[in-house]
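Data first, discussion second: the structure below is written as structure tokens.
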Amino acid sequence: MSFPARRLVIAVRADPVICGHSGEARNLAEVALTRGYDDVRLLTWPLPALQAAGLPLKPLDRLLPYSPGITVERPDPVGDYRVPDGRHLAGLTGRLVELLSEPVPTTCLSMYLVPHTQVVVDAVTAARAAGFAPRVRTIAKAVGSDVTNVIRNCLREGHFGAATALLTTFLANDEVVAVSAYTRDEIIASATEVDTACGTNFADQCHRRVTVSYPPIDSSAFVGLDENRVDQALARRGLRRDGYLLFLSRVTRAKGIQDLIEAYAQSRARGTVKLVVAGTGPSLAEMQARAAGDDRVVFLTDVDDDEKPLLMRGCAAYALPTRPEPDFVETFGIALAEKMLAGGGPVITTLTGGTGEAVGDTALIVEPGDVAALTAALDHAVLTLSGAERHRMELRARTRALTFDRETVFDDLFPDDDLQRVVATIPS
């Protein structure tokens with residue numbers, strides 16, 4: 001039996017989930033094929049499980065295909081109804097144990113500590129205990145909701161045991177990274193709280209070990225767009241170039257969509273441009289009801305990855321007035337960087353969480369929740385910003401966003417000397 005020379009396994013919520021980190025996984029997988037990996041696998045969830053969870057999903061019939069050499073695995077659950085919550089985890093862990101039993105140098109990257117890093121740690125432990133002696137390097141990438149939705153909730157509710165288990169699992173990996181400097185700081189702050197309560201030493205370990213790896217973006221999908229395709233895409237939607245403000249993200253209160261709808265209603269720009277809300281999410285019905293009766297607000301719930309950059313390119317401005325919520329803080333803002341690559345009108349956002357790391361000094365900034373300031377920013381972007389100023393902002397924004405190109409990020413996260421170290425562990 002022949003085996004691959006080098007394998008990359010990414011445990012993640014992959015497509016069709018509408019999530020920036022599903023895009024991260026796709027981009028890292030595509031670059032891996034050009035960096036000596038001849039077997040790349042995304043280990044993820046069965047479609048019925050994703051649908052049952054109520055996650056926002058892309059149209060299944062319009063998902064972009066992966067390149068040959070990338071395999072998306074969706075292991076079936078293991079067990080029956082008497083194991084209600086662990087069946088899918090058992091399927092994912094069991095499949096990874098099978099892969100690790102093969103004599104293939106493997107890098108395992110997990111995104112979301114809960115539950116994907118637990119899957120990787122459990123699988124590696126089982127494979128070693130079984131005597132398979134896997135040649136494996138593990139990398140755990142902490143994303144925003146690992147801190148805001150899990151660790152912070154544990155701390156608020158006094159569940160230090162759960163927070164301790166999560167940090168232990170995170171630090172059990174060979175490499176530990178965060179999606180932004182903001183996220184790294186939040187991890188260290190949370191670890192400090194756990195240390196204070198429990199007498200542990202997580203904060204020192206996190207301070208020494210956690211590095212930053214920004215989201216990888218496929219710049220080629222956003223730079224140098226065919227202008228005829230842009231105009232055609234807009235025409236299909238009944239839109240015109242610079243004739244609309246764009247919100248393209250998950251429709252949830254933490255993204256500031258309620259502030260944007262209110263600010264737009266009060267703006268002078270409303271008489272010149274429409275507001276296009278592109279996306280789905282838990283607040284969609286509420287926002288549709290809020291904007292009911294205003295035919296200048298357009299909701300698009302079926303935008304796919306191919307159309308997204310075209311809508312970004314054609315808008316008068318892109319607004320993501322994200323705001324901190326108890327269960328979510330924007331820890332980077334992948335859509336911001338994508339818009340900066342696509343060009344077109346300026347970005348309007350807030351300095352919430354890690355968004356400043358994405359936009360630098362290239363965007364129009366308002367305070368989170370300040371509707372009056374947001375209204376003024378919309379009017380400025382549409383009515384008073386000159387063409388020359390728009391062009392200068394566009395060039396600065398694109399230059400900054402190119403630093404997040406997927407090849408650059410991949411090479412920083414998977415340096416070749418580390419890959420060679422894994423290969424060298426194979427007996428000759």
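Here, residue 1 is the first one in the sequence, and each next residue gets the next number.
- The shortest distance between side-chain heavy atoms of Met340 and Arg396 does not fall below 4.5 Å.
- Under the 3.5 Å distance criterion, the side-chain polar atoms of Asp259 are left unmatched by any main-chain donor or acceptor of Val371.
- Expressed to the nearest 0.5 Å, how far CG of Asp242 lies from CZ of Arg313 amounts to 9.5 Å.
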For Phe414 and Arg137, what are the C-alpha separation, side-chain angles and deciding distance, and is it a side-chain contact (heavy atoms from CB on, under 4.5 Å)?
CA-CA 10 Å; Phe414 303 99; Arg137 172 176 170 244; 4.2 Å; yes
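- The shortest side-chain heavy-atom distance between Leu246 and Leu311 falls under the 4.5 Å cut-off.
- The CE atom of Met287 lies 8.5 Å from the OG1 atom of Thr252; values are rounded to the nearest 0.5 Å.
- With hydrogens and angles ignored, the 3.5 Å screen pairs no side-chain donor or acceptor of Thr322 with any backbone N or O of Gly256.
- Within the 4.5 Å cutoff, side-chain heavy atoms of Val72 are placed close to those of Thr44.
- In terms of modelled atom types and a separation under 3.5 Å, the side chain of Glu389 and the main chain of Ser386 share a donor-acceptor contact.
- Leu96 and Val120 get closest at one heavy-atom pair: CD2-CA, 3.8 Å.
- Atom CG of Leu100 and atom SG of Cys108 lie 5.0 Å apart (nearest 0.5 Å).
- Contact annotation: the side chain of Val251 never approaches that of Pro282 to less than 4.5 Å [non-hydrogen atoms, C-beta and beyond].
- Under the 6.0 Å distance and 45° angle rule, Arg13 counts as a cation-pi partner of Tyr112.
- In this structure, Thr362 contributes its side chain and Met393 its backbone to no donor-acceptor pair below 3.5 Å.
- Taking OG of Ser267 as the start and CG of Leu245 as the end, the distance is 7.0 Å to the nearest 0.5 Å.
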Verdict with reasoning, Ile334 to Glu24, per side-chain contact (heavy atoms from CB on, under 4.5 Å)
CA-CA 9 Å; Ile334 295 174; Glu24 284 193 67; 4.2 Å; yes
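- At least one side-chain heavy atom of Leu320 sits under 4.5 Å from a side-chain heavy atom of Leu336.
- A salt bridge does not link Asp304 to Lys58: none of the charged side-chain nitrogens sits closer than 4.0 Å to a carboxylate oxygen.
- Separation of atoms CG (Leu378) and CG (Leu260) is listed at 6.0 Å; rounding is to 0.5 Å.
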Could you walk me through whether Thr352 and Thr355 pass the side chain to side chain donor-acceptor pair (under 3.5 Å) check?
CA-CA 6 Å; Thr352 298; Thr355 57; 5.3 Å; no
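- At least one test fails for Arg253 against the ring of Phe328: distance under 6.0 Å to the centre or angle within 45° of the axis.
- Residues that satisfy the ring pair (Phe, Tyr, Trp, His ring centres under 6.0 Å) test with Tyr318, not counting sequence neighbours, are absent from this structure.
- Asp379 places a side-chain N or O within 3.5 Å of a backbone atom of Arg268 that can act as its donor or acceptor partner.
- When atom types are taken as modelled, the side chain of Lys255 and the backbone of Ser249 share no donor-acceptor pair closer than 3.5 angstrom.
- Side-chain atoms of Lys339 come within 3.5 Å of backbone N or O of Gly343 as a donor-acceptor pair.
- At a threshold of 4.0 Å, the pair Arg236-Asp231 does not count as salt-bridged, since none of the basic side-chain nitrogens sits closer than that to a carboxylate oxygen.
- The backbone N or O of Ala316 lies less than 3.5 Å from a partner atom in the side chain of Arg390, making a donor-acceptor pair.
- Here Arg392 contributes atom CZ and Glu394 contributes atom CD; the two are 12.5 Å apart, rounded to the nearest 0.5 Å.
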Using residues 26-34 as the side-chain source, report each donor-acceptor pair under 3.5 Å to any protein atom, sequence neighbours left out, with the distance given to one decimal.
| unit_1 | atom_1 | unit_2 | atom_2 | d |
| --- | --- | --- | --- | --- |
| Arg26 | NE | Asp15 | OD2 | 3.3 |
| Arg26 | NH1 | Leu64 | O | 3.2 |
| Arg26 | NH1 | Pro65 | O | 3.2 |
| Arg26 | NH2 | Asp15 | OD2 | 2.7 |
| Arg26 | NH2 | Leu64 | O | 2.7 |
| Asn27 | OD1 | Arg406 | NH1 | 3.1 |
| Asn27 | ND2 | Gly23 | O | 3.2 |
| Asn27 | ND2 | Pro216 | O | 2.9 |
| Glu30 | OE1 | Ser67 | OG | 2.6 |
| Glu30 | OE2 | Ser67 | N | 3.1 |
| Glu30 | OE2 | Ser67 | OG | 3.4 |
| Thr34 | OG1 | Val31 | O | 2.7 |

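- Between Lys308 and Leu248 the shortest side-chain heavy-atom distance falls below 4.5 Å.
- Pairs of residues two or more places apart, or lying in two chains, never qualify as salt bridge (Lys or Arg N to Asp or Glu O under 4.0 Å) while including a residue from residues 343-361.
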Acceptor/donor pairs from residues 269-278 side chains to any protein atom, 3.5 angstrom cut, sequence neighbours excluded:
| unit_1 | atom_1 | unit_2 | atom_2 | d |
| --- | --- | --- | --- | --- |
| Arg270 | NE | Asp294 | OD2 | 3.3 |
| Arg270 | NH2 | Asp294 | OD1 | 2.7 |

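- Ala358 and Phe404 make their closest contact through O-CE1, 3.7 Å (heavy atoms, listed as atom of the first residue, atom of the second, distance).
- Looking at Thr183, its side chain never comes within 3.5 Å of a backbone N or O of Val179 through a donor-acceptor pair.
- Partners of Glu367 according to the side-chain contact (heavy atoms from CB on, under 4.5 Å) rule, which considers only residues two or more places apart in sequence or in another chain, are Asp370.
- When the options Ile217, Asp405, Asp218, Leu225 are evaluated for a side-chain contact (heavy atoms from CB on, under 4.5 Å) with Leu341, the one that passes is Ile217.
- Side chains of Thr93 and Asp122: a donor-acceptor N/O pair is absent below 3.5 angstrom, by distance only.
- Closest non-hydrogen pair, Pro309 versus Phe222, comes out as CB-CD2, 3.5 Å.
- In plain terms, the two heavy atoms of Ser213 and Lys141 that are nearest each other are O-NZ, 2.9 Å.
- Around CZ of Arg209, the count of heavy atoms belonging to other residues, nucleotides or ligands within 6.0 Å exceeds 12.
- Put simply, the side chain of Leu57 reaches to within 4.5 Å of the side chain of Val17, judged on heavy atoms.
- Ion pairing between a basic and an acidic side chain is recognised when a charged N comes within 4.0 Å of a carboxylate O; Glu325 and Arg323 show such pairing.
- Below 30°, between 30° and 60°, or above 60°: for Tyr37 and Phe410 the angle between ring planes is above 60°, a perpendicular geometry.
- Of all heavy-atom pairs between Met111 and Ala25, the closest is CE-N, 4.2 Å.
- At least one donor-acceptor pair under 3.5 Å links the side chain of Asn173 to the backbone N or O of Phe170.
- In this structure, Phe247 and Cys315 have side chains that are not in contact, with every pair of non-hydrogen atoms separated by 4.5 Å or more.
- Minimum interatomic distance between Ala203 and Asp195 (heavy atoms only, all atoms of both residues): N-OD2, 2.9 Å.
- With sequence neighbours excluded, the residues forming a side-chain contact (heavy atoms from CB on, under 4.5 Å) with Arg95 are Arg41, Leu43, Glu73, Pro75, Glu98, Leu99, listed by chain and number.
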